[in-house]
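This report concerns only the one structure given below.
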Amino acid sequence: MTPAQPAHHERDTPPGPDVEVLVVGAGITGIYQLYRALEAGLSAQLVEAGGGVGGTWYWNRYPGARFDSESYTYGYLFSEELFDEWEWTEHFAGQPEIERYLNHVVDRFDLRRHMRFGAAVTAALYDEASGSWTVTVADGDDIRARFVVAATGVLSVPYFPDVPGREDFEGESYHTGLWPTEPVDFAGKRVAVIGTGSSGVQLVPVIVPEVASLTVYQRTANWCTPLNNAPITPEEQARLRAEFEAIRDTLNTSAAGFLHEPYDRASTDDPEQERQAYFEKMWNSPGFAKLISHYTDLMVDPAANAEWCEFLAAKVRSMVADTGTAERLIPRDHRFAEKRPPFVQGYYEAFNDPKVTLVDLKETPILRVRPEGIETADGTEEFDVIVWATGFDFGTGALLRMGIRGRDGLALAEHWADGPRTFLGIQATGFPNLFLPGGPHAAAGNNPRYNGDQVDFVTEVIAYARDHGYDTIEAGADAEERWTSMVDRNASKSNFGEISYYFGTNIPGKPRKYLLNSGGRPKLFTEIAKVRDGGFRAFRMARTGDLTETSA
Ligand SMILES: Cc1cc2nc3c(=O)[nH]c(=O)nc-3n(C[C@H](O)[C@H](O)[C@H](O)COP(=O)(O)OP(=O)(O)OC[C@H]3O[C@@H](n4cnc5c(N)ncnc54)[C@H](O)[C@@H]3O)c2cc1C
């Protein structure tokens with residue numbers, strides 16, 4: 001007797017995926033996604049291009065790399081025990097401590113056995129018939145996953161400007177975002193630092209004591225203000241523990257994911273003398289308080305912003321002895337916080353060391369890198385080390401390099417040719433079962449808080465689909481259009497101007513589109529609530545092989 005033929009759909013069903021959720025990236029977002037997926041009872045694996053845990057905090061190990069979010073506001077909040085047992089030493093911890101923390105979390109929650117390092121994803125192809133992704137990983141076999149969560153970061157693709165001769169340099173050459181795991185020895189060396197964004201200004205003061213000479217090449221001066229870091233005292237540690245719930249609730253709901261309280265006065269409410277006193281208070285406040293707790297009109301009234309900038313310029317002049325250098329360090333082309341404001345410790349003062357020279361690239365552009373150093377119109381200066389602190393291909397860089405192809409072979413690069421299109425920053429139409437937390441249209445503020453909101457929601461959507469018997473999830477085209485036009489429409493209202501890398505401006509040829517969520521966290525919360533109320537209908541959910549939509 002011949003065995004009964006399997007039903008047609010059984011014969012055609014390809015073997016099931018290797019894993020339900022494949023997370024790409026072992027930064028703070030990917031680690032959290034792995035934790036949440038496992039907690040939800042899904043099988044999950046994580047692949048990471050780097051050699052260890054940490055993402056940003058694995059790659060950016062340059063001297064001086066540190067938080068400008070308060071340490072305890074940046075760390076995870078999902079476990080009170082974790083919050084209690086980890087003692088941050090400083091309000092703004094340095095990279096080694098952050099990397100230790102993230103490794104601690106991975107081991108504490110037994111996540112490492114689900115992770116593979118040195119595993120760069122080079123292609124991800126959606127297969128319509130099986131409703132799954134085939135992911136090609138540089139270190140081995142393809143992985144078939146029902147869901148792919150690309151937690152690949154917004155600042156994870158270092159950018160080198162196209163300077164002729166860059167490869168010809170015969171000394172040591174580093175990018176701050178690709179720093180080697182072995183310490184770099186600057187002792188007695190002639191060093192060039194190119195770039196004065198958030199990374200360059202952290203690095204400069206830290207290496208000054210070691211170097212023989214340091215030349216800082218500045219394209220754009222930034223409005224740097226003091227970080228105002230301090231050790232966390234035992235009393236503060238105790239208070240943090242005692243107030244965990246209140247801290248968590250504030251961080252989980254505040255607009256930018258910080259503890260800093262918004263101020264309730266506009267600069268015009270105060271007479272000149274009180275304004276100056278408040279400016280001084282802001283100058284002495286920690287990190288992003290200078291933005292969040294500032295006068296309410298700082299970012300909406302150009303006059304208020306200009307007065308604060310005058311205050312800052314006077315500070316620079318008071319800190320930098322050489323008048324010409326001080327004037328070059330004062331921005332002329334943007335208001336405060338129109339670009340991401342860097343926070344510093346001893347940056348301006350570093351220029352008082354006779355070993356340190358500032359080169360303004362607007363006056364004397366780099367003509368080329370030579371084997372022995374850097375040539376400008378003023379001649380060639382010889383160096384032993386060049387540090388490129390030249391930033392990242394922000395927002396879309398990593399995703400567009402991952403070889404993603406969705407339904408009908410649609411390349412993500414094609415879908416996003418004019419800039420990113422997403423729903424809630426978590427999905428793009430045409431790419432079912434692919435999620436993008438912490439990608440473009442996401443964070444504007446304390447990153448783990450926003451990215452965590454997205455991870456929580458991604459997990460909720462996947463669990464909803466599973467519980468209702470669906471195995472494909474795709475943001476509807478109308479939902480994607482609504483969110484994307486909201487982002488584009490509100491972009492002009494954001495603090496950040498087109499001078500900022502948040503518009504992709506630092507990368508030649510990149511579409512000038514706003515890459516954050518210009519509606520902010522409140523908009524994300526509102527929209528997530530609407531999706532829930534609408535029975536998740538913003539997503540199209542279906543059963544594999546069931547080509548008619550079965551979504552609620
Ligand atoms: C120097 C520096 C300081 C910062 N300080 C702060 C701060 O104080 N506060 C704040 O809120 N934000 C800060 N940020 C922003 C920071 O990027 C985020 O806070 C956060 O680290 C993002 O986490 P993530 O997990 O989303 O991405 P990442 O930490 O960037 O991790 C993404 C990971 O994905 C991996 N990956 C990418 N593509 C692939 C691929 N194809 N295959 C396999 N793996 C891949 C990368 O190797 C990387 O490890 C800082 C950024 C930098 C660069």
Side-chain angles (χ1 to χ4, degrees), residues 22-34 46-71 73-76 91-95 98-99 101-102 115-124 135-139 143 148-159 175-179 197-203 227 229 251 256-258 286-288 340 342-343 389 391-404 425 436-440 442-452 454-455 501 516:
L22 181 70
V23 181
V24 187
I28 192 151
T29 311
I31 296 168
Y32 185 49
Q33 181 64 71
L34 178 65
L46 183 150
V47 286
E48 161 59 53
V53 166
T56 285
W57 305 108
Y58 171 83
W59 296 107
N60 292 265
R61 48 182 73 240
Y62 59 85
R66 71 172 58 247
F67 278 149
D68 44 30
S69 299
E70 278 77 358
S71 313
T73 71
Y74 189 98
Y76 294 113
H91 284 274
F92 299 95
Q95 177 274 333
I98 307 165
E99 192 186 13
Y101 168 78
L102 291 169
M115 297 180 157
R116 234 163 82 189
F117 300 102
V121 171
T122 54
V135 176
T136 304
V137 186
D139 76 331
I143 302 172
V148 173
V149 183
T152 44
V154 281
L155 289 160
S156 52
V157 176
Y159 171 69
H175 190 291
T176 48
L178 273 177
W179 205 260
S198 297
S199 302
V201 300
Q202 283 187 332
L203 172 90
L227 182 63
N229 192 15
L251 293 174
F258 285 100
F288 277 98
R340 196 254 198 228
F343 299 103
F392 301 87
D393 183 351
F394 180 82
T396 50
L399 290 167
L400 292 180
R401 283 168 175 78
M402 225 171 89
I404 296 173
L436 319 164
N446 192 12
N447 271 242
R449 305 285 71 86
Y450 278 76
N451 298 356
Q454 291 184 311
V455 166
Y501 65 70
L516 298 169

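As the structure lists them, so they are numbered: ligands from 1, and atoms in each ligand from 1.
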Checklist entry - Taking atom 2 (C) of ligand 1 as the point of reference, which of Val53, Thr56, Leu203 owns the nearest heavy atom? => result Thr56
[X] contact mode with ligand 1 (heavy-atom cut-off under 4.0 Å):
{"X": "Ala119", "value": "backbone"}
{"X": "Trp57", "value": "side chain"}
{"X": "Asn451", "value": "side chain"}

Item to check | Spatial distance of atom OH (Tyr58) from atom CD (Gln95) [nearest 0.5 Å] | outcome: 10.5 Å
Checklist entry - Which distance, rounded to the nearest 0.5 Å, do you find between the CD of Glu48 and the CD1 of Ile31? => result 9.0 Å
Number the atoms of ligand 1 from 1 as they appear, then name those within less than 4.0 Å of a heavy atom of [X], with their elements.
{"X": "Ser156", "result": "30 (O)"}
{"X": "Asn446", "result": "11 (O)"}
{"X": "Phe392", "result": "53 (C)"}
{"X": "Met402", "result": "41 (N)"}
{"X": "Gly27", "result": "25 (O), 29 (O), 31 (O)"}
{"X": "Trp59", "result": "46 (C), 47 (O), 48 (C), 49 (O)"}
{"X": "Tyr62", "result": "1 (C)"}
{"X": "Gly55", "result": "28 (P), 29 (O), 31 (O), 48 (C), 49 (O)"}

Return a yes/no value for [X]: is any of its N or O atoms, backbone included, closer than 3.5 angstrom to an N or O of ligand 1?
{"X": "Ala49", "value": "yes"}
{"X": "Gln202", "value": "no"}
{"X": "Asn60", "value": "no"}
{"X": "Val24", "value": "no"}

Next on the checklist: Tell me the protein heavy atom at minimum distance from atom 33 (C) of ligand 1, and give that distance in Å.
Outcome noted: Glu48 OE1, 3.5 Å
So do [Y] and [X] actually touch side chain to side chain, heavy atoms under 4.5 Å?
{"X": "Trp57", "Y": "Phe67", "result": "yes"}
{"X": "Ile143", "Y": "Arg116", "result": "yes"}
{"X": "Trp179", "Y": "Trp59", "result": "no"}

[X]: heavy atom below 4.0 Å from ligand 1, yes or no?
{"X": "Tyr74", "value": "yes"}
{"X": "Ala120", "value": "yes"}
{"X": "Gly445", "value": "yes"}
{"X": "Ala151", "value": "yes"}

Item to check | Aromatic ring proximity, centroids under 6.0 angstrom, Phe392 and Tyr159 | outcome: no
Checklist entry - Phe288 and Phe258: aromatic ring centres closer than 6.0 Å? => result yes
Smallest separation among heavy atoms of [X] and [Y], with atom names:
{"X": "Phe92", "Y": "Glu70", "answer": "CZ-OE2, 3.3 Å"}
{"X": "Tyr76", "Y": "Leu102", "answer": "CE1-CD2, 4.0 Å"}
{"X": "Gln454", "Y": "Gly438", "answer": "OE1-N, 2.7 Å"}

Item to check | Tyr62 and Gln202 side chains, donor-acceptor separation under 3.5 Å | outcome: yes
Checklist entry - Are the side chain of His91 and the backbone N or O of Pro286 linked by a donor-acceptor pair below 3.5 Å? => result no
Item to check | Under 3.5 Å: donor-acceptor pair, side chain of Ser71, backbone of Ala93 | outcome: yes
